Structure formats: structure tokens, C-alpha cells
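Every chain is numbered from 1 and lettered A, B, ... according to where its sequence line falls, protein lines coming before strand lines. Keep in mind it's a predicted model, so treat the numbers as computed, not measured.
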Protein chains: 2
Amino acid sequence: MIKLRDTDAGVGATNKRNILQAAEKCFAQFGFKGTAVQKIADEAKLPKTNVLYYFKTKQELYVAVLEETLSLWNSHFDRATVDDDPAEVLAAYITEKMEVSRTHPQASKIFAMEIINGAQNLTGYFDEEHAKWMEGRLALIDQWIEVGKLPQLDGEYLLYTIWASTQHYADFSAQITRLRGRKMIKADFETATRQLIQLVLGGCNLPVPSRYIENIDVE
Amino acid sequence: MIKLRDTDAGVGATNKRNILQAAEKCFAQFGFKGTAVQKIADEAKLPKTNVLYYFKTKQELYVAVLEETLSLWNSHFDRATVDDDPAEVLAAYITEKMEVSRTHPQASKIFAMEIINGAQNLTGYFDEEHAKWMEGRLALIDQWIEVGKLPQLDGEYLLYTIWASTQHYADFSAQITRLRGRKMIKADFETATRQLIQLVLGGCNLPVPSRYIENIDVE
DNA sequence: CAATTTTTTGACCAAATGGTCTACTTTTCT
DNA sequence: AGAAAAGTAGACCATTTGGTCAAAAAATTG
């Protein structure tokens with residue numbers, strides 16, 4: 001009998017998770033070429049050879065990290081339909097994406113660098129799934145326009161604006177931190193989120209759902 | 001007499017420009033660590049030693065390239081005053097930034113990677129000038145709000161949104177190209193620019209200046 | 001317990017790469 | 001023309017680094 005160990009427990013799985021986490025940190029900070037396997041090993045407190053035991057090559061480890069970050073693209077927007085309210089859906093989408101930027105900035109940075117460098121490692125799966133997803137979402141936006149829930153606009157550029165504006169807070173955090181003199185904390189993200197929602201929905205002639213309006217200065 | 005040659009002509013200056021251009025191309029595609037000096041030399045069609053003759057170290061060359069990209073940040077927005085119309089100023093600013101993304105995508109990518117990696121090479125000058133610039137622009141936005149030309153909003157997040165949304169078309173071009181199946185051409189940039197202006201100004205409750213409204217489908 | 005598989009490690013290697021040294025050629029200046 | 005400065009270029013070197021190997025240790029299995 002051959003025993004395939006596919007459990008998440010055990011020494012192997014623990015080490016793998018450990019290595020992936022260390023790798024994510026390093027790749028986000030120094031990029032693929034800038035990260036030495038030795039560095040990842042140090043970060044994971046393992047000898048380098050041990051890292052190469054779990055991931056045969058640095059590239060394989062990088063792709064594994066990259067693939068983990070792709071799961072962050074999932075959101076409720078994926079399953080919205082024409083019956084939903086675009087104001088609610090878009091506001092929620094922006095909120096979710098801002099939350100990813102706040103809680104997973106490293107993953108966002110790795111993804112950004114991968115794209116900037118030509119997305120050589122994002123072939124196959126991501127390409128197809130992502131394009132398919134895009135197609136579906138653009139169709140939904142067109143439906144919203146048809147039924148009068150949205151003004152005439154190009155969904156493509158709307159989505160790019162949302163991606164860019166939300167991911168910016170993760171990817172460009174170094175610039176933001178220097179400009180403000182301090183790191184953005186959770187409260188700052190909430191303000192930024194509120195304002196971004198106001199801007200995007202306003203730009204789409206949509207009313208901002210009350211839940212996304214600051215309820216502090218109401219006197 | 002010592003003659004300091006500071007002209008832009010001459011073999012030296014030509015070579016320097018040549019090298020800087022080759023370096024920009026390489027750094028944008030492979031990042032700092034990922035770019036070998038030999039590669040830049042090949043691109044510039046010069047022996048590696050010759051490159052190191054003009055720029056003592058790879059780092060020095062990189063910083064030189066980086067500093068050139070900073071000039072792209074200059075815009076008419078820099079000299080706007082409270083007497084100007086924010087709708088006009090912001091629309092022009094977005095247009096200028098989109099044009100930079102279209103015509104200098106490599107510079108934008110290098111800048112983006114530098115920030116993502118912590119902006120270690122953007123100390124001193126950029127830090128100070130940039131922070132000072134930001135301070136002035138935020139003050140201007142606040143003045144606009146005071147005189148009722150703009151609704152209550154946080155200028156900081158507004159500027160981040162503009163930067164993010166415009167630079168996105170340069171930095172993430174690989175993703176965009178794959179999603180659409182072809183590269184964005186000038187006409188696409190114009191459409192994207194128009195829509196981004198509409199979104200941002202709409203989000204600020206500003207009317208879009210007629211000049212920025214598509215004048216094709218007017219029947 | 002013995003056999004087998006999985007995991008851990010240090011020693012080592014070949015390729016890539018940033019940078020130096022030295023010598024030669026070309027240009028510029030007086 | 002002749003000296004000095006600027007530019008070109010091959011040979012070379014030390015370091016870094018991705019990856020291999022073999023051997024030992026630990027865990028698992030029959």
C-alpha cells in the first residue's frame with residue numbers, strides 16, 4: 001500500500017507553510033531576483049538545503065507563493081447579478097479590496113511586481129480564469145446599464161480604476177508613509193475607503209448607501 | 001586652465017544618454033537586481049567596461065535613471081492657485097498623467113518598483129521636495145473647499161486615487177493587454193482618460209469641462 | 001526490531017556578475 | 001607637433017548564489 005500524505009498536519013506541511021510565509025516576506029521586499037534562497041532559509045530558520053528539499057527550485061517556490069496570492073482576488077463581486085444593486089455591490093467590492101490591501105500588503109506587492117515585470121509566471125490558469133472572470137463582470141455591468149441602474153460607461157476602465165486605487169495603498173505604502181510622516185492605521189484605511197466609495201459611486205451617479213457614509217459628525 | 005566639459009554634445013554625452021536609455025529599458029523589465037551591467041552594455045552596444053567608465057557603479061547608474069524619471073512628475077497642477085477652476089485643473093492633471101503613462105511606461109514602472117521595494121534610493125531630495133509639493137497642493141485643495149469650489153473631501157486620498165488610476169495603465173499594462181487581448185493604443189488611452197476624468201470630477205460634484213467630453217456621438 | 005521512507009544538513013560546485021587593472025587609442029588643447 | 005585628457009577595451013578576480021550530493025538522523029512501516 002502506498003500512503004500518500006496529504007494532510008495539513010505533520011512536519012512536512014508545517015515546514016512548507018513556514019517556508020511559504022518566509023518567502024512571501026522576502027519576495028515582497030526584494031523581488032524574485034533580489035531574494036536569495038539563503039535569505040528565505042534564514043527567515044524560516046532552516047538550512048537552505050531544507051528549503052530546496054520542499055521546493056525543488058527557487059522558481060517553484062516563487063510560483064507557489066504567487067499562486068497563494070491569487071486567492072485574494074476572490075470577492076462577493078464574483079457572484080453579483082443584474083438583480084443586485086450596483087451601488088451596494090461596488091461599495092462592498094471596494095471595501096473588500098481595501099481590506100486586502102491593509103491586511104495582505106506583501107501579497108499585493110508580489111503580485112504588482114510580477115505584473116510590472118511582464119507577468120511571465122502568470123501564464124495558463126490565471127490568464128484564462130481571469131479573462132473569463134473579466135468577461136462575466138463586464139457583461140454584468142452592461143446589463144446594469146441596460147436596465148438603467150448605471151449610466152453609460154465602460155466597465156473595463158471602471159474596474160481598472162477600482163483595482164488601481166485600492167491596490168495603491170498596499171503597493172505604494174512606502175511613498176504614502178513618507179508623505180504623511182507615519183503609517184496608515186486601520187482608521188485611515190476606513191476614511192480612505194469611504195472617500196473612494198464616494199468618489200467612484202459619485203462618478204457613476206450612484207447614491208452612496210447609508211451604511212458607507214460616516215456617521216460621526218451627525219449633529 | 002581646466003576645462004570642464006558640460007555640454008550635451010560630444011562623445012561622452014552621447015554615450016551617457018545612450019547608456020541611460022538602455023538602462024531604463026533593462027531596469028523597467030527586470031528590476032535593479034535582475035539587470036546585469038553586461039545586459040545594459042549589450043543594449044547600448046558598448047563593452048561593459050565602458051559603461052562602468054561613465055557610471056562608476058550599477059547603483060549610480062540606477063539612481064541616475066531614477067532621477068530622470070522624477071522629472072515626469074512635473075505638471076501644470078504644480079502652479080495652480082485658488083483662482084483656478086478645480087474642474088479644469090484636475091482634468092488637465094489627469095490628462096497629463098495619463099499621457100506620461102502612455103509615452104513613458106518604462107519610467108513609470110521603474111518608479112513603481114522602487115516604491116514597492118521601499119524607496120531606498122529616493123531619500124533626500126525627492127522626499128523633501130515631494131512632501132513640500134504635497135503640502136502645497138493639499139493646502140490648495142483645502143482653499144478650494146473653503147471658497148466652495150469643491151465639496152468637503154480629503155485631498156490626500158483624492159491625489160492618491162489620481163496617481164494610482166493613471167499610473168496603473170503604465171505599470172499594469174501586461175495585465176491589461178492580456179485581459180483585452182491586445183495593447184492599448186492612443187485612442188484607448190483617450191477613452192480611458194475621458195472616463196477617468198468623468199469619474200473623478202463626478203465624484204467631486206464638479207461639472208466636466210466641455211472640452212473633455214466626447215464630441216463624436218453628438219447628433 | 002529491521003527495513004524503508006522521509007527529513008535534515010554540511011560540503012561542495014559551476015555559473016553569473018559587479019567591479020578592478022592595465023594598456024591602448026582617440027581627441028583636445030596649447 | 002607634443003602633452004594631456006578622455007575614451008575604449010580585454011583580461012581578470014572575488015563574491016554571490018542556485019542547485020547538487022552524499023551521508024546521517026528521524027520517523028514510519030511490516
Side-chain angles (χ1 to χ4, degrees), chain A residues 1-27 29-66 110 113-114 117 120-121, chain B residues 1-27 29-66 110 117 120-121:
Chain A
M1 267 291 247
I2 296 169
K3 176 160 182 198
L4 287 181
R5 171 202 293 276
D6 55 5
T7 148
D8 284 351
V11 192
T14 306
N15 277 341
K16 267 196 166 184
R17 270 199 307 273
N18 188 12
I19 292 168
L20 281 170
Q21 205 172 322
E24 179 181 326
K25 186 171 170 183
C26 293
F27 285 137
Q29 198 172 353
F30 309 108
F32 176 73
K33 282 286 275 188
T35 298
V37 177
Q38 184 64 62
K39 193 97 179 195
I40 298 172
D42 291 348
E43 190 73 31
K45 281 166 187 161
L46 289 173
K48 187 181 70 165
T49 335
N50 211 344
V51 172
L52 271 320
Y53 170 74
Y54 286 102
F55 300 91
K56 277 188 266 298
T57 66
K58 179 178 157 183
Q59 170 103 358
E60 183 180 318
L61 173 52
Y62 174 72
V63 171
V65 170
L66 199 59
I110 291 172
M113 279 193 284
E114 173 64 19
N117 290 0
Q120 302 290 327
N121 300 283
Chain B
M1 270 289 249
I2 296 169
K3 173 156 182 202
L4 286 181
R5 169 203 292 276
D6 55 4
T7 147
D8 284 352
V11 190
T14 307
N15 277 341
K16 267 195 168 185
R17 272 198 305 273
N18 188 11
I19 293 168
L20 281 169
Q21 206 172 324
E24 180 181 324
K25 185 171 170 184
C26 294
F27 285 137
Q29 198 172 353
F30 309 108
F32 176 73
K33 283 285 275 186
T35 298
V37 177
Q38 183 65 60
K39 193 98 179 193
I40 298 172
D42 292 347
E43 190 74 32
K45 280 163 188 162
L46 288 172
K48 186 180 70 165
T49 337
N50 213 341
V51 172
L52 272 321
Y53 170 73
Y54 288 102
F55 300 91
K56 276 188 266 300
T57 65
K58 178 179 159 184
Q59 170 104 358
E60 184 180 316
L61 173 54
Y62 174 72
V63 171
V65 170
L66 198 59
I110 291 171
N117 290 353
Q120 302 290 328
N121 300 284

When the C1' atoms of the five terminal pairs at each end define the local axes, what inter-axis angle does the helix from C:dC1-D:dG30 to C:dT30-D:dA1 show, to 10 degrees? 10°
Quickly work out the [X] [atom1] to [N] [atom2] distance and round it to whole Å.
| X | N | atom1 | atom2 | value |
| --- | --- | --- | --- | --- |
| A:Ile19 | C:dT7 | CD1 | C1' | 11 Å |
| A:Phe32 | C:dA16 | CZ | C1' | 14 Å |
| B:Lys58 | C:dG19 | NZ | P | 8 Å |
| B:Glu60 | C:dG19 | CD | C1' | 13 Å |
| A:Leu52 | D:dG19 | CG | C1' | 6 Å |
| B:Lys16 | D:dA6 | NZ | C1' | 13 Å |
| A:Phe55 | C:dT8 | CZ | P | 13 Å |

Under a 4.0 Å heavy-atom cut-off, which of residues 35-47 of chain B touch DNA chain C? B:Thr35, B:Ala36, B:Val37
Of the options D:dT20, D:dG7, C:dT8, whose atoms approach the side-chain atoms of A:Tyr53 most closely? C:dT8
Could you list the donor-acceptor pairs under 3.5 angstrom formed between side-chain atoms of residues 37-45 of chain B and any protein atom two or more places apart in sequence or on another chain?
from	atom 1	to	atom 2	distance (Å)
B:Gln38	NE2	B:Asp42	OD1	3.0
B:Glu43	OE2	B:Lys25	NZ	2.8

Distance test, side-chain N/O of B:Asn50 to OP1/OP2 of D:dG7, below 4.0 Å: no
Would you say A:Asn15 reaches C:dT6's phosphate, i.e. side-chain N/O to OP1/OP2 under 4.0 Å? no
Where do B:Ile19 and B:Asn50 come nearest, in terms of heavy atoms and distance? CD1-O, 4.5 Å
Using a 3.5 Å cut-off and no angle test, enumerate the donor-acceptor pairs between side-chain atoms of residues 55-62 of chain A and protein atoms at least two apart in sequence or in another chain.
from	atom 1	to	atom 2	distance (Å)
A:Thr57	OG1	A:Glu60	N	3.0
A:Lys58	NZ	A:Phe32	O	2.9
A:Lys58	NZ	A:Thr35	O	2.7
A:Gln59	NE2	A:Asn121	OD1	2.7
A:Tyr62	OH	A:Glu114	OE1	2.5

Quick one, give me the B/S/- string for nucleotides 11-16 of chain D, reading 5' to 3', where B means a protein heavy atom under 4.0 Å from the base and S means that only happens at the primed atoms, P, OP1 or OP2. ------
